[in-house]
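Note: hydrogens, waters and symmetry copies are ignored here, and every other heavy atom, side chains too, is used.
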Amino acid sequence: MAGSDIITSSCGTPEDYNDIESGISPKPLNQSKFVLPKLRNVDTVTVARKVGPLFLIPPLGVSTYDENQNSGGGIISPMDSRYRCWETFMVFLVAYSAWVYPFEVAFFKASPTRGLYIADNIVDLFFATDIILTFFVAYIDPRSQLLVRDSKKIAMRYLSTWFVMDIASTIPFEALGHLFTGKSKVGLTYCLLGLLRFWRLRRVKQLFTRLEKDIRFSYFWIRCARLISVTLFMVHCAGCVYYLLADRYPHQGRTWIGSVIPNFREAKLWTRYVSSIYWSITTMTTVGYGDLHAVNSMEMIFNIFYMLFNLGLTAYLIGNMTNLVVEGTRRTMEFRNSIQAASSFVCRNHLPPRLKEQILAYMCLRFRAESLNQQQLMEQLPKSICKSICQHLFLPTVEKVYLFKGVSREILLLLVAKMKAEYIPPREDIIMHNEAPDDVYIVVSGEVEIIDYEMEKERVVGTLRTGDIFGEVGALCLRPQSFTFRTKTLSQLLRLKTCALMEAMRAKGQDNKLILKNFLQHYRELKDLNIHDMLIENGEGDGEPNMAVNLLTVASSGNAAFLDELLRARLDPDIGDSRGRTPLHIAASNGHEECVLVLLKHACKVNIKDVDGNTPLWDAIAANHHSIFRILYHFSSISDPYTAGELLCTAAKRNDLSTMKELLKHGLNIESKNHDGFTSLQIALNENYNDMVNLLVMNGAKVDQANQSGFPAASLNEMVQKRGVGHCITIPGTLIHDNLSVSYRKMQEEKESSEGKSKGGNFLRVSIYKGHPLVRKYTFASDSGKLIKLPSSMEELKNIAGEKFAFDPKNAIITNEEGAEIDSIETIRDNDKLFIVENTVCTN
């Protein structure tokens, strides 16, 4: 609740506020400084007093719930401590009037004594005051469970329910009869009208109902006290009525008491009352009639009805006592036992106060929510009806969420059908800092605080209310949560699984794009929730974010999951900035391998150049991101056979010795030519770069065809001579030796395979798969391959693959598991895994 009231516990079914207000008076909770006593010093009563707040559970889907709203001045809350004290005081007055009235009618032939007369009028005055006060007491709507504070509604409800009976039970009929007739003792009619005072006994029933649910008191003894009170009250009333029959009978000696005590009217009041109670108790327990018994017919008739009534009363008492001992009102007892077990667990393990508070509050709320049977009822209904209920209850709230503004109704209905409503008690952590993103939550009612941690200290940075959503950052970006989200008041939340949200987004491309656009726009405006590093200050004419441009920043942040979602919305993967750098340039230069694979999966251009003439390949090798370079090189070489020559010539033209060395380490053919037909050595000779020429020559570049114009022939010959006398022609760390050893091992394995085939095998078997192996590995492709007999030529192998996977084999290449292109059928061994790559996939 907004005030965070603390009560003992009242967790039964809320038929009215009297059913839920058991406990101590509300006490405001300071959210910033809430300290409980040390757990080792907390006794049972203390734990009971701190069970949790008094929860007024709003109905599902209600977002305008505010239990502290006040529609009119002077409205009293039924949970107010002063009003509770007043109600307790009125219960004592009810007990007094219900006990005294039959006593006065039976034992006072004339008007009661002056003291009783004054006391009766004072009691009636208090009940009249209570009637007036009831017009200003808020009530809980039994259908919506909302606290109604509208004075007109309060008055209409009271006038249409208990007002007439409350007035009738308060009118002093005997005093009015005495006033109109002038007699000191009025007739039986006025006495019967006075029986309306028994209407007040409903307050006593409400008190016992409340005490039974109060864990500060023993349920067994409260139940016993209730049964004993009912029994004694009925014994008292029966004794008074029985004495009244004898007192009003005209023949004094022919009565049950007159036959034993002649002139009984002259006996002491105490003697007459004790005799009446004695008869009543012995009759009810069926052990009497040895000394006091009915004498006249009127007394016998009364005894007949009294004993018949005793049959029902005895059955009621036996049944309740049996149920109390055997069953003990199972659900309430289970709740109490669970609270006691939780309290013991907290004390035994020395848990901190906030954890203790969360545990007990959650158990109380679960008990209350289970009593409403909302979730159980929905689970029993057919799926179609549940969907209709969810649409009716939750759709108005979901439509207000910023993330779903403008989204089609089809997607909204799909989302709403997968949401689940939950009630969360105050001060409970819904999502914790650095927690993995599993769910997204929408606030229907209540408040949720956003908590940041600075130097291990909590700091509230914001508050979420109705229509706000949290957890979407982790869901869309697949990143740990940056904040802790904790309920401030009793909150109703809609929980949606992250996977359900992603499936709904992918169901319709346009809505997917719109949801991501809303997400970017929202956090672009906030600039405060630790994701501003994913966004850039760029927008279109109406102030909305340019989502395509944001691809550059997302690629720079390395958030592959979010980048994938943006590209699924069919954004341009080749969008460039002012310098022509695409997301692939940025991801390759920053070393974000997963982002590179995502971009390749969405068919980005591999060989695109920026204004400086750099390709993503060049950026990757220049930044020493070798794994990314290998991936891009495989893709680029498929679409462009001059890839190696362009890279080597670019390094030579720029006289970039470090990049040239890295390229040579990857085994690029030093004699590769660029699109203009030049080799890297020719470029270096033309530019007269002595160090670059020396590096290329010493690593095996052929000089016979190189253009030597402008470069000293003596220097070139000296380089060749040094290479000829055994000078190291590979730079340290080169992969050439490793490649040779790999080739050698491959030849040996092929030889062993051929020998095995000639000895007993009839054919080679290979498994073929569609798609590049690196892309399949990243996307966790689960489509099965095909096990086939290896044909005699590459053309036949491509044709077989085209038939199996339904594509044109003319533009296909075949690679091994490392992505290396296979151009000869002889290099394939038994049980190899081959990957068929369509050339059109990467030709952009």
Side-chain angles (χ1 to χ4, degrees), residues 403 407 411 415 436-440 471-482 496-524 531 533-536 545-577 581-606 608 616 620 625 627-628 631-632 635 770-783 841-842 844:
L403 195 64
V407 176
I411 298 299
L415 289 171
D438 294 326
D439 302 287
V440 177
E472 78 280 14
V473 176
L476 294 178
C477 302
L478 288 181
R479 58 188 298 173
Q481 302 292 342
S482 302
L496 178 65
K497 287 290 185 182
T498 298
C499 57
L501 174 62
M502 306 307 291
E503 290 177 2
M505 290 174 59
R506 295 167 184 170
K508 201 171 182 180
Q510 187 64 28
D511 288 327
N512 188 3
K513 183 177 181 180
L514 187 57
I515 290 175
L516 294 172
K517 189 174 184 180
N518 292 336
F519 174 76
L520 294 174
Q521 173 66 19
H522 179 74
Y523 284 103
R524 175 176 174 269
I531 70 163
D533 56 324
M534 295 169 47
L535 310 174
I536 62 174
N546 186 334
M547 293 181 61
V549 176
N550 277 288
L551 284 173
L552 300 170
T553 309
V554 175
S556 176
S557 68
N559 195 327
F562 191 45
L563 180 65
D564 190 29
E565 290 302 320
L566 291 174
L567 293 173
R568 285 179 183 273
R570 299 187 178 181
L571 301 181
D572 184 7
D574 298 316
I575 184 69
D577 59 11
R581 290 172 60 82
T582 66
L584 188 59
H585 280 91
I586 295 174
S589 60
N590 291 336
H592 300 314
E593 183 175 338
E594 292 184 354
C595 290
V596 170
L597 292 171
V598 168
L599 290 165
L600 293 174
K601 183 179 69 172
H602 289 277
C604 67
K605 295 180 180 179
V606 180
I608 191 170
H625 300 309
S627 61
I628 295 178
I631 294 172
L632 293 177
F635 277 82
K770 183 179 180 181
H772 197 281
L774 297 177
V775 175
R776 288 176 57 88
K777 180 179 179 181
Y778 171 73
T779 57
F780 303 100
S782 59
D783 53 315
V841 174
C842 302
N844 291 328

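Here the CG atom belonging to Leu599 is positioned 14.0 Å from the NZ atom belonging to Lys605, to the nearest 0.5 angstrom. From Glu503, atom CD reaches atom CD1 of Ile411 across 11.5 Å, with rounding to the nearest 0.5 Å. A distance of 9.5 Å separates CD1 in Ile515 from CE in Met502, rounded to the nearest 0.5 Å.
Shown here for Asp439 and Lys497, the closest heavy-atom pair between the two residues is OD1-CD, 3.0 Å. Across all their heavy atoms, Val407 and Leu514 have their closest contact at N-CD2, 3.6 Å. Residues Leu403 and Asn518 approach most closely at O-ND2, 3.2 Å, considering heavy atoms. Cys595 approaches Ala587 most closely through the heavy-atom pair CB-CB, 3.9 Å. Annotation for Ala504 and Leu415: closest pair CB-CD2, 3.4 Å, computed over non-hydrogen atoms. In plain terms, the two heavy atoms of Ile628 and Ala620 that are nearest each other are CG2-CB, 4.0 Å.
Ile575 places none of its side-chain heavy atoms less than 4.5 Å from the side chain of Thr582. Within the 4.5 Å cutoff, the side chain of Glu594 has no heavy atoms near those of the Val598 side chain. With a 4.5 Å cut-off on side-chain heavy atoms, Ser589 and His625 do not count as touching. A 4.5 Å side-chain heavy-atom check between Ile608 and Leu584 finds every atom pair outside the cut-off. Annotation: side chain of Asp511 is not in contact with side chain of Met505 (no heavy-atom distance under 4.5 Å). Side-chain contact check for Ile631 versus Leu600: some heavy-atom pair is nearer than 4.5 Å.
Panel note: side chain Asn590, backbone His592; no donor-acceptor pair is recorded below 3.5 Å. Panel note: side chain Asp574, backbone Cys604; no donor-acceptor pair is recorded below 3.5 Å.
A side-chain N or O of His602 and one of Asp564 form a donor-acceptor pair less than 3.5 Å apart.
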